[in-house]
Amino acid sequence: MRSNGDLENTGSIKNRGNNNNNSYYASSHYAESSETQWTSWLVPMIVVANVAMFVVIMIVNDCPKNNVFPSQGDCVAKFLGRLSFEPLKENPLFGPSSNTLKKLGALDWNKIVHENEGWRLFSCMWLHAGVIHLLANMLSLVFIGIRLEQQFGFVRVGGIYSISGLGGSILSCLFIQRSISVGASGALFGLLGAMLSELITNWTIYANKAAALLTLVIIIVINLAVGILPHVDNFAHIGGFLTGFLLGFVLLLRPQFGWLERHSLPADAIIKSKHTVWQYVFCGVALILLIVGFVVGFVMVFRGENGNDRCSWCHYLSCVPTSRWNCDN
């Protein structure tokens, strides 16, 4: 979600299109039945943490006491007391003011570069602009994250989620410097990217692989296409997706089909290596690109560089002007 000044004019959600499902897994079941299944606890904890953080945000916001734009209208749901929402003209997502979000850690290029508040690159992914924003992201996280955690465990999925969120924040900070941004959409797109690279690198062990690839690509394209609407931080989507896509090659390798049953094979049977050559190649290249990308990204961010100066057309990746809206901000 992006905002500049007040949420009426420039408030936004990082992802309005994260309504994904797990049909990818339904159509691409893993052919290896003896692999360990993990119990998913990290993803539910992330959901709980985000909900708890939103409650804290609303308590700090305290609309009845701190409504700085009374001309915009009264607080919404005033019976909630200090948990009531900002006037809809200021924030149509049923949430706090942009000032509160900025105070609690929203992504703000000026504060990161000029006030050395680099922690905002990570903290922004735990903030949400409103109830609608929170619900959209958390439902998407449940649909995507639980299945991934069951298959790969909390360490790898948690790493992809966190690092992808950071990658999305870095790219957003390079290209969007006049508004603030909040939301977990970069991390969510990282999980989508990891799902895609996991399918590619483990291609030989999946059934219905063509249908699975088509389904996943359609989901990703639709979600990225939503990002070209105004007030949606598509740079966070793209940065998170690319980070997760590369991390998937590194962290989500599976053994070749039959590797786990090698001990039950006849003594004279030819046993394949645990991973294919292509899996190692993808892993190595992805790891190099990740390291280079993050080093370059951090250097550019903290030097205060504007990505738009180096890429004159990149702003179209986040907003395409039409007769119905403009992309001035």
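FYI, side chains are in, hydrogens and waters are out, and symmetry mates aren't considered; it's all heavy atoms of this structure. In this chain, residues are counted from 1 in sequence order.
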- Does Ser164 reach the main-chain N or O of Ala187 with its side chain, forming a donor-acceptor pair under 3.5 Å? no

- Would you check if there is a donor-acceptor pair between the side chains of Ser172 and Ser169 at a distance under 3.5 Å? no

- Message: Could you report the tightest heavy-atom contact between Ala106 and Leu127, atom names first, then the distance?
- Response: N-CD1, 3.5 Å

- Derivation and outcome, side chain to side chain contact (heavy atoms under 4.5 Å, CB included), residues Arg254 and Phe152: CA-CA 9 Å; Arg254 292 185 190 270; Phe152 295 100; 3.3 Å; yes

- Ignoring hydrogens and angles, state whether a donor on the side chain of Ser185 or Asn137 is under 3.5 Å from an acceptor on the partner side chain. yes

- Task: State, to 0.1 Å, how close Ala129 and Leu93 come at their nearest heavy-atom pair, and which atoms those are.
- Result: CB-CD1, 3.8 Å

- Message: With rounding to the nearest 0.5 angstrom, report the CD1 to CG distance, Ile160 to Leu246.
- Response: 11.0 Å

- Message: Does Tyr161 form a side chain to side chain contact (heavy atoms under 4.5 Å, CB included) with Met125? I'd like the steps, not just the answer.
- Response: CA-CA 10 Å; Tyr161 182 88; Met125 61 186 287; 3.5 Å; yes

- Item | Side chain to side chain, Met300 and Ile170, heavy atoms closer than 4.5 Å | no

- Task: With sequence neighbours excluded, tell me which residues meet side chain to side chain contact (heavy atoms under 4.5 Å, CB included) with Ala52.
- Result: none

- Query: Do Leu174 and Asn308 have side-chain heavy atoms sitting under 4.5 Å apart?
  - Reply: no

- Item | Ser162 (side chain) donor-acceptor with Gly159 (main chain) under 3.5 angstrom | no

- Leu148 CG to Ile144 CD1 distance, which is reported to the nearest 0.5 Å: 8.0 Å

- Do any N or O atoms from the side chain of Ser84 and from the backbone of Leu80 form a donor-acceptor pair under 3.5 angstrom? no

- Whether Phe302 and Phe298 hold their rings parallel, tilted or perpendicular, with breakpoints at 30° and 60°: parallel

- Step by step, would you call Met138 with His128 a side chain to side chain contact (heavy atoms under 4.5 Å, CB included)? CA-CA 10 Å; Met138 293 305 100; His128 287 84; 4.0 Å; yes

- Query: Quick one: does Asn50's side chain have a donor or acceptor within less than 3.5 Å of a partner on Ile46's backbone?
  - Reply: yes

- Message: Which heavy atom of Arg120 sits nearest to which heavy atom of Ser123, and what is that distance?
- Response: CA-OG, 3.2 Å

- Message: Using modelled atom types and a 3.5 Å cut-off, is there a donor and acceptor pairing between side-chain atoms of Glu149 and backbone atoms of Trp41?
- Response: yes

- Message: Go through it in stages, so that I can follow the logic: the residues are Phe175 and Ile238, the test is side chain to side chain contact (heavy atoms under 4.5 Å, CB included), and I'd like the CA-CA distance, side-chain angles, deciding distance and then a yes or no.
- Response: CA-CA 12 Å; Phe175 287 94; Ile238 296 171; over 6 Å; no

- Query: If you take all heavy atoms of Cys63 and Pro87, which pair is closest and at what distance?
  - Reply: SG-CD, 4.2 Å

- Task: Look at atom CH2 of Trp278 and say whether more than 12 heavy atoms of other residues, nucleotides or ligands are closer to it than 6.0 Å.
- Result: no

- Query: For Leu251, does its backbone N or O pair with a side-chain atom of Arg156 as donor and acceptor, under 3.5 Å?
  - Reply: yes

- Item | Separation of Ser181 OG from Ile176 CD1 (nearest 0.5 Å) | 6.5 Å

- Query: For Asn110, does its backbone N or O pair with a side-chain atom of His114 as donor and acceptor, under 3.5 Å?
  - Reply: no

- Task: Return the minimal non-hydrogen interatomic distance between Phe94 and Phe85, and the atom names on each side.
- Result: O-CD2, 3.4 Å

- Message: Nearest 0.5 Å, please: how far is CG in Leu107 from CD1 in Ile180?
- Response: 9.0 Å

- Task: Only counting residues at least two apart or in another chain, list the ones meeting side chain to side chain contact (heavy atoms under 4.5 Å, CB included) with Gln177.
- Result: Trp109, Asn306

- Item | Gap between atom CG of Leu289 and atom OG1 of Thr243 - 0.5 Å precision | 11.0 Å

- Phe241 ring center near Phe189 ring center (under 6.0 Å): no

- Query: Checking side-chain hydrogen bond (donor to acceptor under 3.5 Å, both in side chains) against Glu86, which of Thr100, Asn99, Asn91, Asn61 comes through?
  - Reply: Asn61

- Query: Any sub-3.5 Å donor-acceptor pair from Gln279's side-chain atoms to Thr201's backbone N or O?
  - Reply: yes

- Note on the structure: What one should report as the nearest heavy-atom pair of Phe54 and Pro96 is CE1-CD, 4.2 Å

- Message: Between Ser318 and Asp233, is there a side-chain donor-acceptor contact under 3.5 Å, judged purely by atom types and distance?
- Response: no

- Message: Looking at Glu305 and Arg310, is any side-chain nitrogen of the basic one under 4.0 Å from a carboxylate oxygen of the acidic one?
- Response: yes

